[in-house]
Amino acid sequence: MSTLTFWKPGTTGPGSTLDRATEDEGNVVQSAPSHSSLSLQAQRERLPIWKHRQKILHCVEKHGVTIVVGQTGSGKTTQSGWASEGNVIACTQPRRVAATSVAVRVAAEVGTLLGDEVGYTIRFEDVSDKKRTRICYMTDGMLFRETLIDPLLSRYSVIMIDEAHERSLYTDLLLGVLKKIRRKRPSLRLIVSSATLDARSFSEYFTSGTHPDEATIISLEGRMYPVEVAYLQESAPDYVRKAVEVVWNINLHHGTGDILIFLTGREEIERCLEELTELIPTFAHLSPLFVPDAQDYPPLSRLLRGATQIIPLALHAGLSTEEQLRVFNVAERGTRKVIAATNIAEASVTIDGVKFVVDSGFVKIRTYNPTTSLASLSTVPVSQASATQRAGRAGRTSPGICYRLYPESVFASLPTNTPPEITRTDMTTPILQLKSLGIDDLMKFEWVSAPPAESVLRALEGLFAAGMIGDDGRLTPIGEQVAEFPIDVHIARMLFASKDFNCGEEILTIAAMVSIQDAFIIPDGAPGAIAELERRKFTAEEGDHLTLLNAYNAFTKYGRSSSWCKMHALNFRAMSRAVSIRSQLKKYMIRFNLPLHSCEGDAKRLRQCLVSGYWRNGARWVADGTYRSVKGNKTLFVHPTSVLFTRKPRTGWIIFHEVEETKKTQIRILTEIEPDWLLDHGHKYQHKHTAV
DNA sequence: GAGCACTGC
């Protein structure tokens with residue numbers, strides 16, 4: 001084992017960007033607690049916002065937009081005039097768990113029942129009362145959706161956007177719409193809560209084109225412990241290996257405290273934990289009894305006394321809920337948890353008790369290339385903001401240390417922030433929604449960060465080709481309706497087409513099933529082979545769409561139980577989500593008078609209907625087992641999860657749900673079709689719009 | 001014959 005030398009430039013003290021306290025996190029939704037006055041007092045002390053409420057209220061009264069730096073939660077604004085007489089305060093979060101857990105806490109603090117004065121609204125769950133709720137926590141996507149119904153958001157007097165620095169797609173869209181709303185309705189007050197680095201740009205955004213007093217910035221003290229940052233003197237060629245070495249050294253030289261390692265994906269996490277457990281028996285079996293004379297091995301004896309037993313744990317989104325919850329078990333005395341995690345641990349999941357962070361400095365990020373219309377998943381260096389956030393994970397309950405597996409010079413060269421999601425995503429759905437809001441001139445829309453012009457163009461072209469917008473650039477009647485569907489544009493288009501093919505019932509299920517990820521759980525090794533056999537029971541020879549339909553129907557038939565899923569290699573969480581999505585989409589189908597006819601086992605009709613949504617995604621089988629795309633003749637590899645992974649389709653032609661570039665260009669969720677069906681749509685397209 | 005960062009409606 002090589003010795004590691006880290007250079008320690010000093011402690012990051014209060015006032016730095018590390019000093020940010022986040023109050024909203026917590027993965028586990030708490031049950032509504034009943035507070036004694038003592039614990040209520042304790043809660044207040046934990047919420048700096050309570051201490052600073054007068055300061056915030058003062059700003060909110062004086063300025064249209066208040067940017068709050070370093071603090072979250074809107075606590076006591078409830079008791080101000082802003083929440084009286086039919087006025088409601090909205091408070092948005094980028095994630096569902098955050099929206100619910102903050103609502104639970106604030107309800108307890110205010111001393112009301114959840115869903116009464118304080119409530120929350122997230123997809124599939126509305127725990128609020130139209131008349132009584134004064135402060136409503138919600139996801140930013142939910143509030144954006146509300147603008148489609150009430151474009152001025154007239155029921156709200158104050159809107160607070162929390163975690164704005166994360167720059168989620170809907171945070172950005174919401175900020176853009178809110179700036180527009182404030183011109184028409186200046187009485188609406190905004191509070192934007194962000195980390196230090198972005199505060200000024202938010203303030204500049206809201207003051208540009210208005211008067212300089214429009215926005216103000218206030219800074220609140222955080223409550224976090226200092227985190228010492230150590231850098232490697234040289235970059236490691238293999239950061240997984242290096243992470244293992246660093247963890248082992250921490251284990252030898254430092255006292256108690258859990259270790260959190262940031263890696264990029266499941267494969268790395270598994271390798272890291274494997275190498276780590278390989279080390280454990282190496283040292284553990286050399287217990288003092290088996291060492292002939294400890295005096296002869298001073299380093300080893302020191303090691304044996306100093307080494308704490310480690311508990312290796314993985315944390316990534318692919319795990320079941322049970323497996324994810326294991327990271328919250330408190331380590332027994334004399335042991336420490338070593339958690340190898342993806343970016344999920346950066347903001348979504350907070351683990352207290354972590355004293356050491358080991359940061360690889362890399363992250364997997366999804367980017368959309370508008371030129372090729374391809375989404376790609378690639379490993380890139382993290383941003384400084386991200387690295388800072390990761391380091392902060394070591395100082396939640398006590399002072400900590402963050403080991404960065406790269407030199408400080410590399411940190412200095414990292415981009416300041418991760419590019420906002422809106423700049424690296426397919427804009428088709430967002431643009432349809434903005435059009436539905438009456439924003440027809442996208443050139444005039446004030447983006448916080450503009451998406452690439454090509455992205456906007458590509459989206460407009462696609463919407464035009466799909467008949468969602470007309471020659472005048474405005475929404476067509478069907479475009480208006482599709483904009484309301486909480487699903488991808490082309491899938492929504494397919495739901496409308498089901499009317500012509502008499503298969504609404506089945507297409508609805510397929511629409512829900514393609515919206516979830518990973519319906520099947522196929523683990524590695526021997527259990528994987530058994531799971532594979534289970535999956536074959538659902539396999540339809542026509543392809544994956546029908547296989548998913550079979551799985552869904554079996555799931556509902558056999559009682560929607562978690563144990564049944566376990567037996568049949570299905571992901572219970574994902575399947576339950578599909579049930580919720582289906583019932584939500586069904587409401588829209590009824591509203592738009594789309595019949596819910598069954599195709600009565602006529603798979604041909606079903607496949608024809610699929611082509612109406614997916615005709616742009618056609619491909620042809622070639623002898624080497626890969627496919628060539630109809631559009632662009634690109635080589636496409638079948639994803640190994642497909643039932644057509646090993647089989648040549650009878651007709652040689654397929655449509656697919658999505659394509660993604662990883663190491664290869666892969667297509668997921670395939671169905672065999674007749675080439676004529678594709679041509680029919682192609683002709684229509686060519687005929688209607690000559691410019692492809 | 002082989003693989004999946006993370007959200008959201």
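Quick caveat: nothing in here was measured; it's all calculated off a predicted structure. All chains are named by letter (A, B, ...) in the order of the sequence lines, taking the proteins before the strands, and each is independently numbered beginning at 1. What you see below is based on every heavy atom in this structure, not just the backbone, and it leaves out hydrogens, waters and symmetry mates.
In the set B:dC9, B:dG1, B:dT7, the nucleotide with an atom closest to the side chain of A:Arg123 is B:dC9. Closest to the side chain of A:His316, out of B:dC6, B:dG3, B:dC9, is B:dC6. Set against B:dG8, B:dG1, B:dA5, the side chain of A:Thr139 has B:dG8 as its closest nucleotide. The side chain of A:Thr662 approaches B:dC4 more closely than any other nucleotide in the set B:dC6, B:dA2, B:dC4. Here the nucleotide nearest the side chain of A:Phe645, chosen from B:dC9, B:dA2, B:dC6, is B:dA2. Listed candidates were B:dT7, B:dC9, B:dC4. Nearest to the side chain of A:Arg95 is B:dT7. Nearest nucleotide to the side chain of A:Leu377, out of B:dC4, B:dC9, B:dC6: B:dC4. Residue A:Tyr170 has its side chain nearest to B:dG8 when only B:dG3, B:dT7, B:dG8 are considered. Side chain of A:Ala317, nearest nucleotide from B:dC9, B:dT7, B:dG3: B:dT7. Distances were taken from every side-chain heavy atom of A:Arg96 (C-beta onward) to each of B:dG8, B:dG3, B:dA5; the shortest belongs to B:dG8.
Among residues two or more places apart in sequence or in another chain, the ring pair (Phe, Tyr, Trp, His ring centres under 6.0 Å) test is passed with A:Tyr552 by none.
Between the C1' atom of B:dC6 and the CG atom of A:Asn343 lies a distance of 7 Å, rounded to the nearest Å. The CG atom of A:Leu315 sits 9 Å away from the P atom of B:dC6 (whole-angstrom rounding). A:Phe124 places its CZ atom 8 Å from the C1' atom of B:dC9, with the value rounded to the nearest Å.
Pairs of residues two or more places apart, or lying in two chains, that qualify as salt bridge (Lys or Arg N to Asp or Glu O under 4.0 Å) and include a residue from residues 480-491 of chain A are A:Glu484-A:Arg591.
Taking the charged nitrogens against the carboxylate oxygens, A:Arg271 and A:Glu267 have no contact shorter than 4.0 Å, which rules out a salt bridge. Salt bridge A:Glu275/A:Arg241: present, at least one basic N to carboxylate O contact under 4.0 Å.
The environment of NZ in A:Lys179 is crowded: more than 12 heavy-atom neighbours from other residues, nucleotides or ligands sit within 6.0 Å.
Close to B:dC4, at under 4.0 Å from its OP1 or OP2, lies no side-chain N or O of A:Thr641. OP1 or OP2 of B:dC4 has not a single side-chain nitrogen or oxygen of A:Gln517 nearer than 4.0 Å. When the side-chain nitrogen and oxygen atoms of A:Thr342 are compared with OP1 and OP2 of B:dC6, one or more of them lie within a distance under 4.0 Å.
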